[in-house]
Amino acid sequence: MINNLILMDGYGIFVWSSFVITFSVCGIFYYKTRKTLKKYEKEFAKEIENLSAEQKKIVLENSKIASKILSAYNKTI
Amino acid sequence: MFNFFHNSNIFIWIEKLINFINSIFFVLLLVALSFALIFSPPDYLQGESVRIMYVHVPAAWIGLASFTAIAFLSIINFIFKIKNLTLIAKSIAPIGLLFTCIAIVTGSIWGQPTWGTFWAWDARITSMVILAIFYLLFIFTHKYLSEESKANNVSSLIAIVGLINIPIVKYSVEWWATLHQPASIKISGTSSIHSSMLMPLLLMFFVFILYCALIFLMKYKTEIIRIKKKNLKRI
């Protein structure tokens with residue numbers, strides 16, 4: 001049964017390479033996209049942290065996104 | 001109602017959706033792979049090589065659908081200049097390119113046992129390569145044109161011109177004598193594919209759609225943060 005699944009009547013090399021290529025590329029793409037997102041979130045949170053107390057207060061009061069990213073960032077550190 | 005479409009509300013929903021898709025994705029992927037590689041029957045003509053269809057066909061559908069979506073978003077954006085539409089189109093483009101390339105590569109692998117060659121300058125394959133080139137042009141425009149409004153106009157134009165290629169890809173197998181087989185699944189009319197193969201195909205398509213949604217949401221979220229970062233510098 002395992003042999004049949006691997007060899008697939010001689011078509012195994014074509015079938016498995018198609019699936020492996022597809023899912024490896026998708027995996028790499030997912031990893032890169034997630035890494036970029038995390039990088040942007042981190043940079044954005046750091047920039048907010050570097051603002052003066054007054055500027056920080058204005059930003060956090062006016063932007064739900066900023067406060068959400070900052071609180072998520074603070075949880076991770 | 002319009003408040004719902006505000007970036008901050010969208011942002012919160014994006015996070016919830018990403019978590020939801022992440023929680024169900026791997027279970028669905030395992031089920032789809034089991035059907036595609038084990039439970040679905042071999043084809044009476046192509047034998048086991050038909051299993052390549054379960055990645056090739058959904059990838060091609062997504063490649064075509066993504067470019068059509070980008071083109072329509074570009075047309076609307078060209079007229080109404082809605083910034084969110086540009087962000088959506090920009091987030092869809094890499095996904096479309098990825099799946100177009102997957103369709104070309106897996107199609108090429110499928111070509112060897114079926115046609116006896118990895119490559120032929122056949123109408124369907126050539127028009128898919130042209131589609132990939134349009135995707136690249138669209139992405140490079142946003143990457144290398146620094147002036148945002150100019151980049152939006154040029155990329156919209158590329159998407160609108162590229163839209164002409166979509167019916168060419170779709171009907172190439174009917175208009176020209178090609179190595180590629182005609183469509184087995186028809187939205188209007190009777191499909192010539194058996195339900196034992198159609199079900200795994202649709203299941204794999206659904207898994208790919210979930211993956212696309214996941215990538216799209218992450219890319220869209222990145223774009224929103226990029227804009228917020230830019231605005232922060234103005235303070």
Side-chain angles (χ1 to χ4, degrees), chain A residues 1-2 4-52 54-60 62-73, chain B residues 6-12 15 18 25 29 33 36-38 42 46-56 58-59 91 94-95 98-99 101-103 105-114 208 211-212 214-229 231-233 235:
Chain A
M1 158 110 190
I2 302 268
N4 282 347
L5 182 67
I6 295 167
L7 297 174
M8 291 191 178
D9 290 338
Y11 293 117
I13 182 81
F14 303 108
V15 175
W16 284 109
S17 58
S18 296
F19 276 77
V20 167
I21 289 170
T22 301
F23 289 101
S24 318
V25 172
C26 285
I28 293 165
F29 195 64
Y30 173 82
Y31 172 75
K32 282 200 84 174
T33 309
R34 197 180 153 82
K35 200 176 157 190
T36 311
L37 172 64
K38 294 289 162 201
K39 188 185 123 196
Y40 269 85
E41 278 180 345
K42 200 173 162 184
E43 281 175 7
F44 185 59
K46 270 187 183 170
E47 278 181 31
I48 296 171
E49 289 282 12
N50 290 337
L51 293 173
S52 68
E54 201 181 328
Q55 283 174 327
K56 195 171 158 182
K57 197 181 161 198
I58 295 168
V59 169
L60 295 179
N62 291 322
S63 170
K64 269 190 212 173
I65 295 175
S67 53
K68 201 141 183 54
I69 291 172
L70 193 66
S71 65
Y73 175 70
Chain B
H6 193 267
N7 266 352
S8 54
N9 289 331
I10 293 174
F11 195 85
I12 292 161
E15 287 211 329
I18 288 175
F25 183 76
L29 176 65
L33 280 175
L37 291 166
I38 304 166
Q46 299 187 34
E48 299 281 354
S49 75
V50 78
R51 295 184 197 282
I52 299 172
M53 169 181 77
Y54 300 119
V55 284
H56 172 74
S91 309
I95 303 167
L98 172 78
F99 280 99
C101 291
I102 287 174
V105 172
T106 53
S108 169
I109 295 170
W110 199 2
Q112 180 60 30
T114 316
F208 277 13
Y211 172 82
C212 290
L214 196 61
I215 298 288
F216 167 74
L217 292 170
M218 288 198 290
K219 287 218 168 273
Y220 189 63
K221 197 175 165 188
T222 309
E223 288 295 328
I224 292 175
I225 297 172
R226 201 176 54 82
I227 291 171
K228 290 279 166 191
K229 245 180 100 186
N231 291 343
L232 207 62
K233 280 179 186 148
I235 294 175

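Residue numbers start from 1 in every chain, and the chains themselves are labelled A, B, ... in the order their sequence lines are given, proteins ahead of strands.
- Among the candidates A:G10, A:G12, A:C26, the residue making the largest number of heavy-atom pairs closer than 4.5 Å to chain B is A:C26.
- B:H56 places a side-chain N or O within donor-acceptor distance of the main-chain N or O of B:A103, the cut-off being under 3.5 Å.
- Ranked by heavy-atom pairs under 4.5 Å with chain B, the list A:I13, A:D9, A:T36 is led by A:D9.
- Within the 4.5 angstrom heavy-atom criterion, no atom of B:P42 approaches chain A.
- In terms of heavy-atom pairs under 4.5 Å with chain A, the best-connected choice from B:E223, B:R51, B:M218, B:R226 is B:M218.
- Here the side chains of B:V50 and A:Y11 are not in contact, with every heavy-atom distance at 4.5 Å or above.
- Ring pair B:Y211/B:F99 is perpendicular by interplanar angle, where above 60° counts as perpendicular and below 30° as parallel.
- Chain B forms more heavy-atom pairs under 4.5 Å with one residue of A:I69, A:I21, A:I48, A:L5 than with any other, namely A:I69.
- Not a single donor-acceptor pair under 3.5 Å links the side chain of B:T114 to the backbone N or O of B:G111.
- With B:F11 as the aromatic partner, B:K221 meets the cation-pi criteria of under 6.0 angstrom to the ring centre and within 45 degrees of the ring axis.
- Within the 4.5 angstrom heavy-atom criterion, atoms from both the backbone and the side chain of B:I215 approach chain A.
- Both the backbone and the side chain of B:L37 come within contact range of chain A, with heavy atoms under 4.5 Å apart.
- Within the cation-pi definition used here (under 6.0 Å to the ring centroid, within 45° of the axis), B:K229 qualifies as a partner of A:Y40.
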